[in-house]
A.B. asks: 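Pasting a structure below so you can have a look.
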Amino acid sequence: MPPEKSIRILIAEDQPLIRRAFASMLALEPDFEIVAQAADGVEAVQAARRFLPDVVLLDIQMPRLNGIAATRQILRDCPDAQVVILTTYDTDDLIFDSICAGAQAYLLKDAEESEILDTIRAVSCGQSRLAPNVARKLLDEFRRVRRAPRLGETGALEEPLTDRESDILQLIVAGKGNRDIAAELRLAEGTVKNYVSRILEKLNARSRTELAVKALNRRMD
């Protein structure tokens, strides 16, 4: 008996062979319907607006618009969609930025077929899924930041952030890169990089990921 409602899927991948392979694999599932395919981030955003998929399978490194920026635009235009990042990259910044942008799952392309299928079904029901090594990275980072001395606890004078630095920090927490921040605040990209360096120094953070985790951590206190 066919499923009552198929999971409508959009696949965004710039490598044609990989894109077709994913489409062929998913098309074999009776509860999946491939509604569109996209070769870059811009096409993915346009296809999401047109077809309103339940799940968007997104690569990160794509021409014209990367997967993180595409995630933000897709979820802004199609808030009911669920984004699954499927990539070869597991660097801390990309993982954190993807999650901050709204991705419900982050998997690596060497994941087992069953893991990919289960993840698509899970996110279509509102669940989140992370590859085991990705989840470990996030937990390790969170624990490390929680154990670190809080700003002001050592008795040292804390230099406050300026209004502009606070604005940039909020955009970093939202998962935006330097280019996006520069465009939003109408600043040169080099100026944004200088601001980010000063914010890292003031908050005693070693990376954008740690910076965002610290900012979020301070909000929860």
Side-chain angles (χ1 to χ4, degrees), residues 1-90 94-135 137-138 173-177 180:
M1 181 179 296
E4 294 183 2
K5 182 179 182 299
S6 296
I7 300 172
R8 294 164 50 81
I9 301 171
L10 162 63
I11 302 172
E13 163 64 55
D14 64 313
Q15 298 294 323
L17 289 177
I18 297 177
R19 187 171 66 250
R20 287 196 292 267
F22 281 138
S24 297
M25 177 184 75
L26 300 181
L28 296 175
E29 301 301 308
D31 56 335
F32 290 174
E33 178 187 358
I34 311 301
V35 296
Q37 298 182 41
D40 59 49
V42 172
E43 287 186 9
V45 173
Q46 294 171 344
R49 291 170 181 161
R50 179 179 178 185
F51 295 100
L52 300 177
D54 300 311
V55 176
V56 182
L57 205 60
L58 271 179
D59 190 13
I60 283 186
Q61 300 295 349
M62 292 188 294
R64 296 205 288 172
L65 191 68
N66 66 41
I68 296 171
T71 294
R72 286 194 294 268
Q73 292 191 31
I74 288 169
L75 295 179
R76 180 192 63 202
D77 298 338
C78 312
D80 293 332
Q82 306 295 332
V83 172
V84 175
I85 297 294
L86 189 59
T87 180
T88 57
Y89 301 94
D90 64 348
L94 290 178
I95 293 168
F96 195 86
D97 289 350
S98 297
I99 294 171
C100 284
Q104 284 292 100
Y106 194 108
L107 297 179
L108 301 181
K109 288 181 180 177
D110 61 359
E112 295 290 337
E113 177 179 330
S114 59
E115 184 178 4
I116 296 173
L117 300 178
D118 288 347
T119 295
I120 292 173
R121 293 186 175 100
V123 300
S124 73
C125 297
Q127 301 177 31
S128 298
R129 290 291 176 89
L130 298 174
N133 60 321
V134 171
K137 281 175 177 287
L138 288 178
V173 171
K176 297 194 175 184
D180 292 331

A.B. asks: In Å and rounded to the nearest 0.5 Å, what is the CG to CD distance from Leu26 to Glu33?
C.D. replies: 12.5 Å
A.B. asks: Looking at Leu107 and Ile116, what are the two nearest heavy atoms and their distance?
C.D. replies: CD1-CA, 4.1 Å
A.B. asks: What distance separates Met25 CE from Ile34 CD1, expressed to the nearest 0.5 Å?
C.D. replies: 8.5 Å
A.B. asks: Any chance you could measure Asp97, atom CG, to Tyr106, atom OH, to the nearest 0.5 Å?
C.D. replies: 9.5 Å
A.B. asks: Output, in order, the C-alpha distance, side-chain angles, deciding distance and verdict of side-chain contact (heavy atoms from CB on, under 4.5 Å) for Phe32 and Ile120.
C.D. replies: CA-CA 9 Å; Phe32 290 174; Ile120 292 173; 3.7 Å; yes
A.B. asks: Please list all pairs passing the salt bridge (charged side-chain N to carboxylate O under 4.0 Å, His left out) test where one or both residues lie in residues 117-128, with sequence neighbours left out.
C.D. replies: Glu29-Arg121, Asp31-Arg121
A.B. asks: Do Arg64 and Glu43 come close enough that some side-chain heavy atom pair is under 4.5 Å?
C.D. replies: yes
A.B. asks: Of the non-hydrogen atoms in Thr71 and Ala103, which two are nearest, and what is the gap between them?
C.D. replies: CG2-N, 3.9 Å
A.B. asks: Can you tell me how far CZ of Arg72 sits from CG of Asp77, rounded to the nearest 0.5 angstrom?
C.D. replies: 13.0 Å
A.B. asks: Answer whether the closest heavy-atom distance between the side chains of Asp14 and Asp40 falls below 4.5 Å.
C.D. replies: no
A.B. asks: So which heavy atom on Arg49 is nearest to which on Leu52, and how close?
C.D. replies: O-CD2, 3.9 Å
A.B. asks: Taking C-beta and beyond as the side chain, do Ile68 and Ser98 meet within less than 4.5 Å on heavy atoms?
C.D. replies: yes
A.B. asks: Sequence neighbours excluded, which residues qualify as side chain to side chain contact (heavy atoms under 4.5 Å, CB included) partners of Ala27?
C.D. replies: none
A.B. asks: State which residues pass side chain to side chain contact (heavy atoms under 4.5 Å, CB included) with Ile18; sequence neighbours excluded, sorted by chain then number.
C.D. replies: Glu13, Gln15, Phe22, Lys109
A.B. asks: Would you compute the distance between atom CG of Asp59 and atom CG of Leu86 and round it to the nearest 0.5 angstrom?
C.D. replies: 7.5 Å
A.B. asks: How about Ile85 and Leu94: do any of their side-chain heavy atoms sit closer than 4.5 Å?
C.D. replies: no
A.B. asks: Identify the two heavy atoms, one from Ala38 and one from Ala44, that lie closest to each other, and give their separation to 0.1 Å.
C.D. replies: CB-N, 3.5 Å
A.B. asks: Please report the closest heavy-atom contact between Ala101 and Leu75, naming both atoms and the distance.
C.D. replies: O-CD1, 3.7 Å
A.B. asks: Would you say Asp54's side chain and Arg8's backbone share a donor-acceptor pair under 3.5 angstrom?
C.D. replies: yes
A.B. asks: Within this structure, what is the CG-CD distance for the pair Leu108 and Glu115, rounded to the nearest 0.5 Å?
C.D. replies: 8.5 Å
A.B. asks: Using every non-hydrogen atom in the two residues, find where Ile7 and Ser124 come nearest and quote the distance to one decimal.
C.D. replies: CD1-OG, 3.4 Å
